[in-house]
Amino acid sequence: MIKILNIIGARPQIIKAAAISRAIKNHFQNEMEDVVLHTGQHYDDNMSQIFINELQVSKPKYNLGIGSGSHGKQTASMISGLEEIILKERPDYVFAYGDTNSTLAVSIAASKIKIPIVHIEAGLRSFNKNMPEEINRIMCDHVSTLLFSPTKTGIHNLKNEGFKVESKGPYSFNNPGVFHSGDVMYDNTVYFSKVAEQNSKILTKLKLERNNFILLTVHRDHNTDNPEKLHSIFNSIQEISTSFNVQFVIPLHPRTFKLLNLNISPDLNNKISKNSLIKIIEPVSFFDMIMLEKYSLMVFTDSGGVQKEAYFFEKPCIILRPETEWVELVESGMAIITDTNETKIKEGFQHFINSSALVFPSIFGNAKASEFICKKILENS
Ligand code: UD1
Ligand code: UDP
């Protein structure tokens, strides 16, 4: 039996860990022990516990309760808490997901005490180090023992950074293994899509007409903390909604909730609050989110995960960022990078509204990425 310490912290990590917990429960229960540790980076019920319950992530044995803070303080507290638990549990592997401060903290804590790190979502690069996530993912990749990339581009990026992608096992700190696994988020979308249909009431609750609304999410610091950019996003949707009579639904991240009043003008704020075509709501559960994605007309987002899920459900996407690490989406023509440029956002919307043939080739694997990852770990143990 090998023991893994499965580290979750931010919302998307809880969702990704659900795919691994499920693979272990269904296929590797006699070979792998799944010990979950929550750093507490996200803590509101609708950013954390709701996903643990709904997606049946193994119940966290530990919650460090770190909460919010500056990058340095938050990461330092996590490192200190993680070190203590890793030394106590002595796992065979720690799992780090994605690119958050929780990912960075695991990288430092586990690598210094020489516990092998499995990085899920390795190799992704935006090539923009102004993003805190770019720093986190580079650091994690370079101290990991097993690196699982969801895309071929991820493998290519790692090769360019000196990883020997052809290297043979046994893999170790100084001989890391690099694999193209497919995307654990795709595993989840396929698995939960039918379940969400049966459980979610969000479309009725919000009185939404299927395939006739736009789903928008925004939470990147470079958008929320920059009044000009946040204003441009909300001004664009105010104009699109009224000019084209299109409904928007916006499950808003708490970060953005807190900054919206401060960072958009009172005049725009007033118009939006009176506009029945713009529904701003609290963050929703994953099942609700699946239904909003699946039955949207189009998605506008700066989220990494939501960009991909739009693609999984064959919805065109306006990416409210200057670049993306999910370059395949843009290459397919089914997503357009607009950043917060109002003209580009409107042109992107019109482009997709007028496109009759939208084609979404398979890019993200066969919905068995989590099983593949577990098998590779067992092979290396
Ligand atoms: C973090 C990740 C980001 C990821 C996102 C997913 C980092 C550096 N960023 O961004 O990569 O895309 O999670 O959602 O790790 N807050 C609450 N309640 C919560 C959590 C946060 O109110 O449960 C508010 C707090 O005001 C907090 C702010 O959101 O200061 C930001 O939270 P934080 O975890 O630092 O970063 P995110 O913006 O959520
Ligand atoms: N998500 C959700 N409810 C919401 C918003 C997002 O369940 O109200 C899910 C979404 O479906 C995806 C993940 O959260 O699986 C993406 O997380 P987020 O946008 O917070 O972070 P990112 O992917 O950008 O790191």
Check your understanding: Which pair of non-hydrogen atoms, one from S296 and one from K315, has the smallest distance, and what is that distance?
Key -> O-NZ, 2.9 Å
Review point. Q74 and N101: which non-hydrogen atoms are nearest, and at how many Å?
Key: OE1-ND2, 2.9 Å
**Study point:** Between Q307 and T324: side-chain donor-acceptor atoms closer than 3.5 Å
**Key:** yes
Review point. Given the rule in the ring-ring contact (aromatic ring centres under 6.0 Å, His included) test, do F248 and F300 qualify, once you have shown the distances and angles that lead to the verdict?
Key: CA-CA 10 Å; F248 280 83; F300 287 21; 5.5 Å; yes
Revision key, fill the gap. Minimal heavy-atom distance between L55 and A18, with the atoms involved, is CB-CB, 3.6 Å
Revision key, fill the gap. Contacts of R137 meeting salt bridge (charged side-chain N to carboxylate O under 4.0 Å, His left out) (sequence neighbours excluded), chain-then-number -> D99, E134, E325
Check your understanding: Which pair of heavy atoms, one from A367 and one from D187, lies closest together, and at what distance?
Key -> C-OD1, 3.1 Å
Check your understanding: Does the gap between the ring centers of F313 and F360 come in under 6.0 Å?
Key -> no
Review point. Among side-chain atoms of Q247 and N212, is any donor-acceptor pair under 3.5 angstrom?
Key: no
Revision key, fill the gap. The residue among I24, D92, V118 that forms side chain to side chain contact (heavy atoms under 4.5 Å, CB included) with I4 is I24
Check your understanding: Do the side-chain N and O atoms of T145 and Y93 include a donor-acceptor pair separated by under 3.5 angstrom?
Key -> no
Review point. How far apart are the closest heavy atoms of Q13 and I8, and which atoms are they?
Key: O-CG2, 3.7 Å
Exercise for review: Please step through side chain to side chain contact (heavy atoms under 4.5 Å, CB included) for the pair K164 and N175, ending with a clear verdict.
Suggested key: CA-CA 8 Å; K164 297 189 180 79; N175 179 34; 5.9 Å; no
Check your understanding: Under 3.5 Å, side chain of D141 to main-chain N/O of G123, donor-acceptor pair present?
Key -> yes
Check your understanding: So, are E161 and R125 salt-bridged, with charged N and O less than 4.0 Å apart?
Key -> yes
Practice item. Would you kindly say whether T217 and T301 are connected by a side-chain donor-acceptor distance under 3.5 Å? Key: yes
Check your understanding: Are S48 and H38 close enough, and set up right, to give a side chain to side chain donor-acceptor pair (under 3.5 Å), and what steps lead you there?
Key -> CA-CA 9 Å; S48 172; H38 195 330; 2.9 Å; yes
Exercise for review: Measure from the ring center of H142 to the ring center of F163 and say whether it is less than 6.0 Å.
Suggested key: yes
Check your understanding: Who else is in the cluster with I113 when I, L, V, M, F, W and Y are joined by side-chain contacts under 4.5 Å?
Key -> L5, I7, V35, L37, Y62, L64, I66, M78, L82, I85, I86, L87, V94, V106, I115, I117, V143, F173
**Study point:** K229 and E342 ion-paired at < 4.0 Å
**Key:** no
Review point. Can R255 and D225 be said to form a salt bridge (Lys or Arg N to Asp or Glu O under 4.0 Å), step by step?
Key: CA-CA 9 Å; R255 173 186 202 108; D225 301 11; 3.1 Å; yes
**Study point:** Working for side chain to side chain contact (heavy atoms under 4.5 Å, CB included), residues F352 and L358
**Key:** CA-CA 9 Å; F352 284 129; L358 298 172; 4.1 Å; yes
Review point. Is it true that the side chains of N275 and S241 contain a donor and an acceptor less than 3.5 Å apart?
Key: yes
Check your understanding: When hydrophobic residues are tied together by side-chain contacts of less than 4.5 Å, even through go-betweens, does I240 share a cluster with F213?
Key -> no
Practice item. Using only heavy-atom distances, determine whether the side chains of Q49 and N53 contain a donor-acceptor pair under 3.5 Å. Key: yes
Check your understanding: With the threshold set at 4.0 Å, does a side-chain nitrogen-carboxylate oxygen contact exist between K3 and D34?
Key -> no
Practice item. Give a yes or no on whether the backbone of H231 and the side-chain of N263 come within a donor-acceptor separation of less than 3.5 Å. Key: no
Check your understanding: Passes ring-ring contact (aromatic ring centres under 6.0 Å, His included), F148 versus Y97? Steps please.
Key -> CA-CA 10 Å; F148 292 98; Y97 298 89; over 10 Å; no
Practice item. Walk me through it: do E197 and Y295 pass the test side chain to side chain contact (heavy atoms under 4.5 Å, CB included)? Key: CA-CA 11 Å; E197 289 275 358; Y295 292 106; 2.6 Å; yes
Exercise for review: In sequence, state the C-alpha distance, the side-chain angles, and the governing distance for K346 and S236, and then conclude on side chain to side chain donor-acceptor pair (under 3.5 Å).
Suggested key: CA-CA 7 Å; K346 279 176 227 155; S236 303; 5.7 Å; no
Practice item. Can you sort out the partners of D44 under side-chain contact (heavy atoms from CB on, under 4.5 Å), two or more places apart, ordered by chain and number? Key: N46, M47, P254
Exercise for review: Keeping the roles fixed (side chain from T256, backbone from V218), state whether a donor-acceptor pair exists under 3.5 Å.
Suggested key: yes
Check your understanding: Any chance the rings of H42 and H253 have centres within less than 6.0 Å?
Key -> yes
Check your understanding: Salt bridge or not for E379 and K376, using N-O below 4.0 Å?
Key -> yes
Review point. Would V57 end up clustered with I50 when hydrophobic side chains under 4.5 Å apart are linked, directly or stepwise?
Key: yes
Review point. Transitively linked via ILVMFWY side-chain contacts under 4.5 Å: W326 with I336?
Key: yes
Check your understanding: What heavy-atom pair brings E323 and N128 nearest, and what distance separates the two atoms?
Key -> OE1-ND2, 3.1 Å
**Study point:** Short N-O contact, E328 and K152, less than 4.0 angstrom
**Key:** no
**Study point:** Shared hydrophobic cluster, I280 / L208 (ILVMFWY, side-chain heavy atoms < 4.5 Å)
**Key:** no
Review point. Would you call the rings of F192 and F287 parallel, tilted or perpendicular if under 30° counts as parallel and over 60° as perpendicular?
Key: tilted
Exercise for review: May I ask you to check whether F349 and F244 place their ring centers less than 6.0 Å from one another?
Suggested key: yes
Check your understanding: Do the ring planes of F364 and Y311 sit parallel (below 30°), tilted (30 to 60°) or perpendicular (above 60°)?
Key -> perpendicular
Check your understanding: Are a donor atom and an acceptor atom from the side chains of T39 and S102 found within less than 3.5 Å of each other?
Key -> yes
